[in-house]
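Handing you this structure, nothing more for now.
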Amino acid sequence: MTTTTNERFLPAVTTLMKSQDASMAIAILAIIVMMVIPLPPFLLDLLMAVNLALSLGFILISMYVKQPTDFASFPTALLLVTLLRLGINVATSRSILLNGQSGKVVTAFGNLVMGGNYVVGFVVFLILMVIQWVVINSGAGRVAEVGARFTLDALPGKQLSIDADLNAGIIDEQEAKKRRKDIQKEADFYGAMDGASKFVKGDAIAAIIIILVNIVGGFIIGMVQGGFSLMEALQNYSLQTVGAGLAVQIPALLISASAGLIVTRSTSDESLGNDLFGQVANFNVLMVAGIIIAMVALAPGIPKFPFIIVGGGLMGGAFLVWKEDQKPAAMVEEQALPMETRPETPADMMKMVVVDPLELEVGYGLIPLIDEGADDNLLRRITGIRRQVMKELGIVLPIVRVRDNLQLQPQYYRIKIRGEEVTQGELRVGSHLAIPGSQTTEGGIKGTPTTEPAFGLPAYWISNVEKGRAELMGYTVVNPISVMTTHLTEVVRTHAKDLLSRQMVSDMIDQIRASQPAAVDGLVPDLLGIGEVQQVLQNLLKERIPIRDLSNILEVLAGLAPYTQDPKILAEAVRQKMARTISNLYKDFDGAIHVFTLSPQIEETLKKALVSENNGLNLQIDAQYAQTLITATGLQMEKLARENHIPILLTPRELRLPLRELMEHSLPKLIVMAFSEVSRDAKVMAHGVVELQPANV
């Protein structure tokens, strides 16, 4: 039992010791212990060296990062280093007061900086404190405060800009996520830096208090307990105290400088040195400054050598800048040559072969609708369309490419699916579209007659002056951008099956596999391929049946796939399983499904005309009978439409798909629904029956 416990315990301890988080926890605990337990002089010397090394490392990192958020852990690291420095201050103070000395590093600093004179050392210490506290810390703290405020204020605008770029097709989903993460990281960084700058200020105040307390405490201990005279106590304890303060405060000055460098850096592709020298390397500035400095040496009484050296150095720098600017023209032209004018490689040409799934082209007169600075613009509306389509149909709308097209009429736009135009429309910027309703008072409105592009309804373009009057008369009044987005949304609904790509289906299945592996295992690719699943989903989307519940759809396919791989039959089976969804989809405002049906004679005739072919069940009826049936069905549709109901034809299950295929070209708005697709709790109201004279089949 003990052996087994040890075998489990030792690897766990080894793993814990290798953990970086555990190392950080141990280091913080050691700093706390250091404030409580006396340390030997050797260990104090080692801690002084570690403190100096960390400070040098921080200021070097601050110079080499290309943007502030590359060192996002700096605020936390600043707190830890400040805590370490305070721990060293407490440990050295204890050692000075107890032993009268605190290691060789403190003594060396005291002799090197002060020359053995504690007054000089105290003055130097105060000067360093003024530089750190008044100059560097105050400036860095103010910059951090302003940076945090501006960054947080700009956060919503940056997020909207990312959404706009995503909708316009400038970036993809992955890049949008990365940018959102970056701006959140930037906001967190500047907010943390605003607070971390207060640590440095507090550390400076604590250093002054500690040095004064040590001097007073040294007087008392030296004169009362040590029997020293006033001058001896002052000489011994003040020298050690000021030396310890300098040994700790010089690294603190480096840390403060690194904080200032971090918060004052702007985003760049270069390190601080390359960025700074690249921006100040100006031939005119360097040459004029060098000449002026060299001429100062001619003034009487001025030492000539320093000014000649500095002036000559500036003019030498100007010569190097001029030499860099005179590179071969061919090399410069090649670097500056835009990508569009460079010789196109086969890889560049292949990019032109890719066709965007969804495009929106606008004439130049409609460009104001895309203005990112406007409160309401097309790009933001497209974000809403993406959410709406995902909620309604369960598909992720591909990137919508929005382009201006000078070949279009100024007020026109057109929508393309996979490179081919499917529809177009006309807008009038500055006007409103008034659409009459069922309770609209006819006449009396001043406007230009037109047709609403999404549903083909009669409408009028009216001025802003007529807007209020039109609303009082019962018109639905919408602005141009709403007209365009409604049209785009309707096109997406109608062509959803064309937008569902094989890659999108693969990604959706991978997502289901990660969360519900049993719904996919044994089905894809064992029984059905990605392409066959895609065809089933496209058949559902063709009639606007949502595919949000993909796991349930896959379960239905798994039950039938061993017997058939026909996408039409599989889609019909899925529809039966989705009876509640379909019923809810077609419920009207009163909660009922309003339908009309076929007469028993027509049903019997059509059932006899059903034949099984390679592409499923089809109706073999003559053209005259088919046309008569379509005409009679259209009359029933008009009857329901006049009553403001969705036109739904309710049929037996075996006739649903053949009838839908027969009617879809002549009556595209007709919904054909099977009796078995009505849920048990749905309320159905019949409004008519399709009847006609029997015909030969």
Side-chain angles (χ1 to χ4, degrees), residues 384-385 387-394 433-442 452 454-459 470-478 482 485-487 489-490 492-494 496 540-549 552 574-600 602-603 630 632-653 655-656 659-660 663-664 667-691:
I385 293 175
R387 296 194 185 100
Q388 183 177 350
V389 170
M390 183 63 198
K391 183 178 179 181
E392 288 184 7
L393 299 178
L433 188 69
I435 307 170
S438 58
Q439 304 299 322
T440 300
T441 303
E442 293 294 339
E452 191 275 332
F455 303 101
L457 302 175
E471 290 175 341
L472 290 175
M473 295 173 63
Y475 285 87
T476 301
V477 182
V478 292
S482 297
T485 52
T486 301
H487 194 187
T489 305
E490 188 62 21
V492 169
R493 292 192 186 110
T494 303
L540 295 172
L541 291 173
K542 184 178 180 180
E543 299 185 55
R544 302 191 181 188
I545 304 300
I547 58 172
R548 292 191 306 270
D549 192 4
N552 189 27
V574 171
R575 288 178 63 99
Q576 309 306 310
K577 185 71 173 181
M578 298 176 67
R580 185 178 300 277
T581 300
I582 295 174
S583 297
N584 291 333
L585 192 64
Y586 298 131
K587 279 183 181 179
D588 219 322
F589 57 89
D590 58 356
I593 304 174
H594 298 267
V595 304
F596 62 94
T597 60
L598 299 174
S599 67
I602 294 177
E603 286 185 4
I630 292 172
T633 304
L635 294 175
Q636 292 296 328
M637 283 184 63
E638 291 178 6
K639 179 181 176 182
L640 275 181
R642 284 195 298 268
E643 298 176 5
N644 293 323
H645 297 309
I646 303 172
I648 300 175
L649 172 61
L650 201 58
T651 71
R653 175 179 177 180
L655 292 179
R656 197 210 72 82
L659 272 175
R660 169 61 188 169
M663 304 284 185
E664 62 180 343
L667 305 173
K669 301 296 184 181
L670 175 65
I671 306 299
V672 183
M673 187 173 173
F675 289 107
S676 56
E677 293 172 357
V678 179
S679 61
R680 294 181 179 178
D681 56 347
K683 179 182 177 182
V684 179
M685 295 185 65
H687 290 260
V689 178
V690 178
E691 294 181 322

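Each residue takes its place number in the sequence, starting with 1.
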> Would you say the side-chain atoms of Arg548 pair up with the backbone N or O of Glu392, donor to acceptor, closer than 3.5 Å?
Replying inline: yes
> Closest heavy-atom contact between Val678 and Ser583?
Replying inline: CA-OG, 3.4 Å
>> Between Arg580 and Ala682 (side chain of the first, backbone of the second, donor and acceptor by atom type, cut-off under 3.5 Å), is there such a pair?
In response: no
> Crowded around Arg544 CZ? As in, over 12 foreign heavy atoms under 6.0 Å?
Replying inline: yes
>> Going by ring-ring contact (aromatic ring centres under 6.0 Å, His included), name the residues that satisfy it together with His594, two or more places apart in sequence or in a different chain.
In response: His645, His687
>> Could you check whether any side-chain N or O of Arg656 sits under 3.5 Å from a backbone N or O of Thr651, counting only pairs where one atom can act as donor and the other as acceptor?
In response: no
> Where is the tightest heavy-atom contact between Ile547 and Gly394, given as atom of each residue plus distance?
Replying inline: CG1-O, 4.1 Å
> Taking atom OG1 of Thr489 and atom CD1 of Ile385, what is their separation to the nearest 0.5 Å?
Replying inline: 3.5 Å
> CG of Asp549 to NZ of Lys577: how many Å apart, nearest 0.5 Å?
Replying inline: 10.0 Å
> If you count the non-hydrogen atoms of other residues, nucleotides and ligands that lie under 6.0 Å from NZ in Lys683, is the total more than 12?
Replying inline: no
> Side chains of Pro436 and Met473: closer than 4.5 Å at any heavy-atom pair?
Replying inline: no
> Do Ile593 and Met673 touch side chain to side chain, with heavy atoms closer than 4.5 Å?
Replying inline: yes
>> A side-chain contact here means heavy atoms from C-beta on lying under 4.5 Å apart; do Val478 and Thr486 qualify?
In response: no
> Given Thr633 and Leu667, is the side-chain contact (heavy atoms from CB on, under 4.5 Å) satisfied, shown in steps?
Replying inline: CA-CA 9 Å; Thr633 304; Leu667 305 173; 3.9 Å; yes
> Of all heavy-atom pairs between Lys587 and Asn584, which one has the smallest distance, and what is that distance?
Replying inline: NZ-OD1, 3.2 Å
> Do Arg493 and Val389 touch side chain to side chain, with heavy atoms closer than 4.5 Å?
Replying inline: no
> Can you find a pair of side-chain heavy atoms, one from Phe596 and one from Leu649, that are under 4.5 Å apart?
Replying inline: yes
>> If I take atom CE from residue Met663 and atom CD1 from residue Ile671, how far apart are they, to the nearest 0.5 angstrom?
In response: 13.0 Å
> What is the distance from atom CZ of Arg660 to atom CG of Leu670, rounded to the nearest 0.5 Å?
Replying inline: 7.0 Å
> Is there a donor-acceptor pair under 3.5 Å between the side chain of Asp588 and the backbone N or O of Asp590?
Replying inline: no
> Which atom pair, heavy atoms only, marks the closest approach of Pro647 to Leu640?
Replying inline: CA-CD1, 3.8 Å
> Do you know the tightest heavy-atom contact between Leu541 and Ala496?
Replying inline: CD1-O, 4.0 Å
>> Is any side-chain heavy atom of Arg575 closer than 4.5 Å to one of Arg653?
In response: no
>> For Ala459 versus Leu433, what's the shortest heavy-atom pair and its separation?
In response: CB-CD1, 3.7 Å
>> Salt bridge check, Lys669 against Glu638: does any charged N sit closer than 4.0 Å to a carboxylate O?
In response: no
> Would you say Ser679's side chain and Thr581's backbone share a donor-acceptor pair under 3.5 angstrom?
Replying inline: no
